[in-house]
Number of protein chains: 2
Amino acid sequence: MHAEDIDRVNDIIQRGRPLQKGEYLYRSGDVFQSVFKVHSGTIKTINITSDGQEQVTGFYLAGEILGLDGLADNVHTNSAIALETSAVCEIPFSSLEELSLKIPTLQHHFFQLMSREIIGDQKLMTMLSKNSADERVATLLLSISTRNHRRHLSALDFRLPMSRSDIGNYLGLTIETVSRVLSRFQKNGLLSVDKKDITIVDMDELKNIANADTYE
Amino acid sequence: MHAEDIDRVNDIIQRGRPLQKGEYLYRSGDVFQSVFKVHSGTIKTINITSDGQEQVTGFYLAGEILGLDGLADNVHTNSAIALETSAVCEIPFSSLEELSLKIPTLQHHFFQLMSREIIGDQKLMTMLSKNSADERVATLLLSISTRNHRRHLSALDFRLPMSRSDIGNYLGLTIETVSRVLSRFQKNGLLSVDKKDITIVDMDELKNIANADTYE
DNA sequence: CGATTGTTTGAGGCCAGTCAAAGTTAGTGG
DNA sequence: CCACTAACTTTGACTGGCCTCAAACAATCG
């Protein structure tokens, strides 16, 4: 992308105010106006099922983009909630769509983003339908490790931004099962678990358990 | 969309030759060049996991569009296979992307398509992580019923285009469980099952079991 | 510091998976 | 057209992994 193009994109980006833990970035049913890039912190997205249950559909760490679900009908189907104090950039979609008519690479870039989201969701579907509790937890830990590494943070030592409840919900497991798996991993020398602080001790074995099916 | 725009879109659509049952439309790893619209028949998409297992990620009936997974990196991550003799239209993406720069509504239309795919995948994720075998099977039957109805076919009487094995794979169940659930549904007066021919007898109760969480 | 929320651990039950075998369908070639 | 084979489906008996229920413990917050 050319420098002047980047400038034009930057012009439409708005720095949002910080979100406190538990605060909504947008709610299911809100009119879709923008996509968001996480600047710092972590956001989870959830769906509410017809019987009122909550389903966690994704965790978005710093640098990642969320909100693409709203394009279909100009309404968000997800809700997005901060898991900790977070800062996000808002990218108004109308200007973006207009702008991407002038900058072909930008359009292509956005198609790619959505396509990645589809691929990621499908990897998760596979995990939910085929993998054991151990495999699911190991895969999530590796995913967070990889994404931290991309941000030049430690791949072996990190803090889980989400609760056991969110993990279980996301992975299709109960909180008790998540807790038991983490305890067992620690007992077997794979991890050191201190509440939300995780240290990966035996990365090879963890990858082995996760079936090396890295998703991100 | 204006008439001349529709003409321009139609110009780039190619009618593909018919696919025989079991034939591949594209394979994982193929260079991405086109998306496809199912004209008749049914296509399934599958992912191959790192340990060689197959995961069915979607069924595409007549009128539905597939192949959007390839946009991310210009390579298909899925493979697409005909479940019965089928005909598809090929829509070359390069021309489409170019064209959508000239026709803003077309770009928007494509964003919507991808967004719908994301929403659909997330509904499926929710089902895989929360719902019982009965709920999953009921939901799939209702989905096919709804999509048939949209094509002005019977919503109560239809033929499943896919095998028990594909259903089980897609829903995260074994073939034995799928078979047992269908037998039980028949025994309880919800359905009439004759091999792949399904007649929905008690639509209300079926919706009840599916939790009315219609996905499509 | 009490109250609330989140986490861990244990005991027991159940749903779906596994294993097995018989029955059914579809496809092939003589 | 039919015999033969391979693939698919159904049904049953049993097993096991995860869920449910329950209680104790830890952390967070006003």
Side-chain angles (χ1 to χ4, degrees), chain A residues 20-23 42 44 53-56 81-85 127-141 159-188 191-198 209 211, chain B residues 20-23 42 44 53-56 81-85 127-141 159-188 191-198 209 211:
Chain A
Q20 294 305 312
K21 179 177 175 176
E23 230 178 306
T42 313
K44 72 170 173 181
Q53 283 189 323
E54 176 177 321
Q55 166 72 35
V56 176
I81 305 173
L83 289 174
E84 53 191 335
T85 307
M127 190 165 72
L128 289 172
S129 86
K130 291 224 177 336
N131 292 10
S132 68
D134 281 14
E135 290 167 338
R136 297 185 204 188
V137 173
T139 304
L140 177 61
L141 291 174
R159 166 167 258 266
L160 292 176
M162 69 292 282
S163 68
R164 301 284 190 271
S165 166
D166 285 329
I167 295 175
N169 191 313
Y170 178 67
L171 295 178
L173 303 169
T174 58
I175 55 177
E176 294 96 324
T177 300
V178 173
S179 178
R180 272 185 258 268
V181 170
L182 287 175
S183 297
R184 187 150 14 91
F185 281 180
Q186 173 160 256
K187 188 176 144 208
N188 295 348
L191 303 173
S192 161
V193 182
D194 175 21
K195 192 163 155 62
K196 295 195 169 179
D197 293 314
I198 302 285
I209 291 176
N211 243 327
Chain B
Q20 293 305 313
K21 179 176 175 177
E23 230 177 306
T42 314
K44 72 170 174 182
Q53 284 189 321
E54 175 176 321
Q55 166 72 34
V56 176
I81 305 174
L83 289 175
E84 53 191 335
T85 307
M127 190 166 72
L128 289 172
S129 88
K130 292 224 176 336
N131 292 10
S132 67
D134 282 13
E135 291 167 337
R136 297 185 204 188
V137 173
T139 304
L140 178 61
L141 290 174
R159 166 167 259 266
L160 293 176
M162 69 294 282
S163 68
R164 300 285 190 271
S165 167
D166 285 329
I167 295 175
N169 191 313
Y170 178 66
L171 296 177
L173 302 169
T174 59
I175 54 176
E176 294 95 327
T177 299
V178 173
S179 178
R180 272 186 259 267
V181 170
L182 287 175
S183 297
R184 187 149 16 90
F185 281 180
Q186 174 160 255
K187 188 176 144 209
N188 295 348
L191 304 174
S192 161
V193 183
D194 175 21
K195 166 104 206 101
K196 296 195 168 179
D197 292 313
I198 302 286
I209 290 176
N211 243 327

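Quick note on labels: first sequence line is chain A, next is B, and so on, each numbered from 1. Note that these values count all heavy atoms, side chains included, but never hydrogens, waters or copies made by symmetry.
- Side-chain contact between B/Asp134 and B/Arg184 is present, with at least one heavy-atom pair separated by less than 4.5 Å.
- The distance from atom CD1 of A/Ile175 to atom CZ of A/Arg180, rounded to the nearest 0.5 Å, is 10.0 Å.
- Each of A/Thr177, A/Val178, A/Leu171 was evaluated against A/Thr174; a single residue qualifies, A/Thr177, per the side-chain contact (heavy atoms from CB on, under 4.5 Å) test.
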What are the atom names and distances for every N/O pair under 3.5 Å that joins the protein to nucleotides 9-13 of chain D?
residue	atom	partner	partner atom	Å
D/dT9	OP1	B/Arg164	N	3.2
D/dT9	OP2	B/Arg164	N	3.2
D/dT10	OP1	B/Arg164	NH2	3.0
D/dT10	OP2	B/Arg164	NE	2.7
D/dT10	OP2	B/Ser179	OG	3.0
D/dT10	O5'	B/Ser179	OG	3.1
D/dT11	OP2	B/Ser183	OG	2.4
D/dG12	N7	B/Arg180	NH1	2.9
D/dG12	O6	B/Arg180	NH2	3.4

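- Side-chain contact check for A/Arg136 versus A/Leu173: some heavy-atom pair is nearer than 4.5 Å.
- Side-chain N or O atoms of A/Arg164 include none that pairs as donor or acceptor with a backbone N or O of A/Ser179 at under 3.5 Å.
- With respect to B/Lys44 and B/Glu54, a salt bridge is recorded, a charged nitrogen being found less than 4.0 Å from a carboxylate O.
- Between A/Leu173 and A/Asp194, the residue anchored nearer the 5' end of DNA chain D, judged by the nucleotide with its closest heavy atom, is A/Leu173.
- Of all nucleotides in DNA chain C, those with any atom nearer than 4.0 Å to a heavy atom of chain A start and finish, going 5' to 3', at C/dT7 to C/dA11.
- In the model, A/Lys130 has no side-chain atom that pairs as donor or acceptor with a side-chain atom of B/Gln53 under 3.5 Å.
- To the nearest 0.5 Å, the span separating OG1 on B/Thr42 from CD on B/Glu84 amounts to 3.5 Å.
- Note on the helix from C/dC1-D/dG30 to C/dG30-D/dC1: terminal axis deviation equals 60°, with five pairs used at each end and the result rounded to 10°.
- With A/Gln186 contributing its side chain and A/Ser183 its backbone, the two residues share no donor-acceptor pair below 3.5 Å.
- Inter-residue side-chain proximity for A/Gln55 and A/Asn169 is flagged as met; some heavy-atom pair is nearer than 4.5 Å.
- In this structure, A/Gly172 reaches the sugar-phosphate backbone alone: every heavy-atom distance under 4.0 Å involves primed, P, OP1 or OP2 atoms, never a base.
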